[in-house]
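Presented below is the structure to which this report refers.
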Protein chains: 2
Amino acid sequence: MTYTVGQAAAMLGVAPSTLRYYESQGLLPSLKRTDSGRRVFSDTDIEACRIIECLKQSGLSLTDVKRFMDMTVEGDASLADRLALFQARRESLTREIEDMQRVLNVLEFKCWYYGRAVEAGTEDVVRNIPLDQVPENLQDAVAFLRGIEGESEQREMEKAKARKA
Amino acid sequence: MTYTVGQAAAMLGVAPSTLRYYESQGLLPSLKRTDSGRRVFSDTDIEACRIIECLKQSGLSLTDVKRFMDMTVEGDASLADRLALFQARRESLTREIEDMQRVLNVLEFKCWYYGRAVEAGTEDVVRNIPLDQVPENLQDAVAFLRGIEGESEQREMEKAKARKA
DNA sequence: ATACAAGTTAAAGTTAACTTTAAGTCAAGC
DNA sequence: GCTTGACTTAAAGTTAACTTTAACTTGTAT
């Protein structure tokens with residue numbers, strides 16, 4: 001099957017202008033045109049768009065995604081590089097999901113915190129609550145908020161490095 | 001304890017200018033100053049910064065975070081609203097983590113895909129591979145890439161709505 | 001007492017990833 | 001054949017979240 005830019009956009013849940021922009025940035029090297037110049041999306045192009053979305057979500061910029069697309073054009077010579085890229089993205093996203101879980105835990109603590117506050121009609125009952133009066137599975141979150149992380153120094157240093165880079 | 005903007009920034013792993021910017025946007029309503037005008041970060045302010053970071057990561061814009069900070073200034077009258085906000089953020093982040101897991105699964109498939117390609121020295125051995133020759137735990141990822149999702153229509157419609165809003 | 005690192009402000013600059021605009025071309029249904 | 005909606009382009013505009021700059025002040029260490 002083939003699709004117009006509008007159909008492709010609808011399938012992918014993005015705006016047509018986004019797909020035109022992607023092509024202009026060299027992210028869709030296999031995209032064809034009709035004789036009159038209209039874009040023709042094949043299933044391969046649709047799949048490429050889904051890959052672009054995944055790479056983006058894994059933390060890659062479109063500039064970096066372009067580098068990957070350039071590799072695919074090079075053919076089998078770049079296979080090892082492409083494998084390495086996906087392995088790196090896998091590690092990066094895994095770490096990011098771990099971070100998200102930590103954030104989720106904080107949100108869960110805050111739900112508990114405000115749940116108790118609403119019950120009591122005042123925040124006083126939970127503000128500065130001792131750690132051991134917090135449900136066990138939420139204590140990590142409190143420790144994080146209060147800056148009592150065992151691995152704190154390591155993580156802060158990583159963040160500092162990441163900012164410089 | 002109290003801290004200067006530089007110390008606070010180091011503790012939080014952000015730039016001092018970021019914290020100044022946050023204050024300028026009304027995100028740190030409890031932040032004090034010395035007589036000479038220098039910012040004085042208390043442990044409460046540091047914790048507020050960590051909450052800001054969590055809310056941001058859960059998908060809130062700084063404008064929305066400000067709305068939350070305005071609620072905290074209102075006191076106990078806004079407790080129910082604050083609970084509702086954190087509950088909504090929890091649901092939102094949970095969904096986001098699920099999306100991330102789906103993306104991770106695609107990356108894992110691509111690692112497998114390029115792993116086999118590198119082994120064989122050519123992509124031909126995996127390009128357009130039949131679904132039943134893919135490891136079972138990666139078949140969902142392939143289905144997603146090829147657009148064979150059971151829940152596809154629902155999710156695309158949600159995305160379309162989200163884009164309009 | 002003097003240097004100097006770190007603080008202050010307002011205002012302008014940056015960046016990525018789109019989106020919009022304007023002016024025009026094309027294709028499908030009536 | 002004509003309308004209409006979808007396509008085309010290049011170029012300008014948008015947005016959020018900072019970051020940088022410039023000119024100045026303050027606190028600390030020698």
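Because only heavy atoms are used, hydrogens play no part in the values below, and waters and symmetry mates are left out as well, while side chains stay in. Note that this is a predicted model, so its numbers are computed, not measured. Throughout, a chain's letter reflects where its sequence line sits, starting with A, and its residues are numbered from 1.
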Candidates [options] - which lies nearest the side chain of [X]:
{"X": "Ala15(B)", "options": "dT8(C), dT19(D), dT26(D)", "answer": "dT19(D)"}
{"X": "Arg38(B)", "options": "dT8(C), dA17(D), dT9(D)", "answer": "dT8(C)"}
{"X": "Thr18(A)", "options": "dC18(C), dG27(D), dT8(D)", "answer": "dC18(C)"}
{"X": "Leu62(A)", "options": "dA17(C), dC18(D), dT8(C)", "answer": "dA17(C)"}
{"X": "Ser61(A)", "options": "dA17(C), dT8(C), dA27(C)", "answer": "dA17(C)"}

Item checked: Presence of Ser17(B) side-chain N/O under 4.0 Å of dT20(D) phosphate oxygens OP1/OP2 -> no
Next item on the list: Mind checking the CG-OG1 spacing from Leu79(A) to Thr72(A)? Nearest 0.5 Å is all I need.
Entry: 10.5 Å
Check: Between CG of Leu19(A) and CD1 of Ile52(A), what distance do you get to the nearest 0.5 Å?
Finding: 8.5 Å
Margin query: Whether the side chain of Thr18(B) engages the backbone of Val14(B) through a donor-acceptor N/O pair (distance < 3.5 Å, no angle test) should be reported.
Written below: no
Margin query: If we ignore hydrogens and angles and just use 3.5 Å, is the side chain of Ser78(B) paired with the main-chain N or O of Asp81(B) as donor and acceptor?
Written below: no
Notebook entry, point to check: Does the base of dT9(D) carry an N or O that pairs as donor and acceptor with the side chain of Arg20(A) under 3.5 Å?
Noted result: no
Next item on the list: Give Thr34(A) one of three labels, base, sugar-phosphate or nothing, depending on what nucleic acid heavy atoms sit under 4.0 Å from its own.
Entry: nothing
Next item on the list: Would you mind reading off the distance between Tyr22(B) atom OH and dC18(D) atom P, rounded to a whole angstrom?
Entry: 4 Å
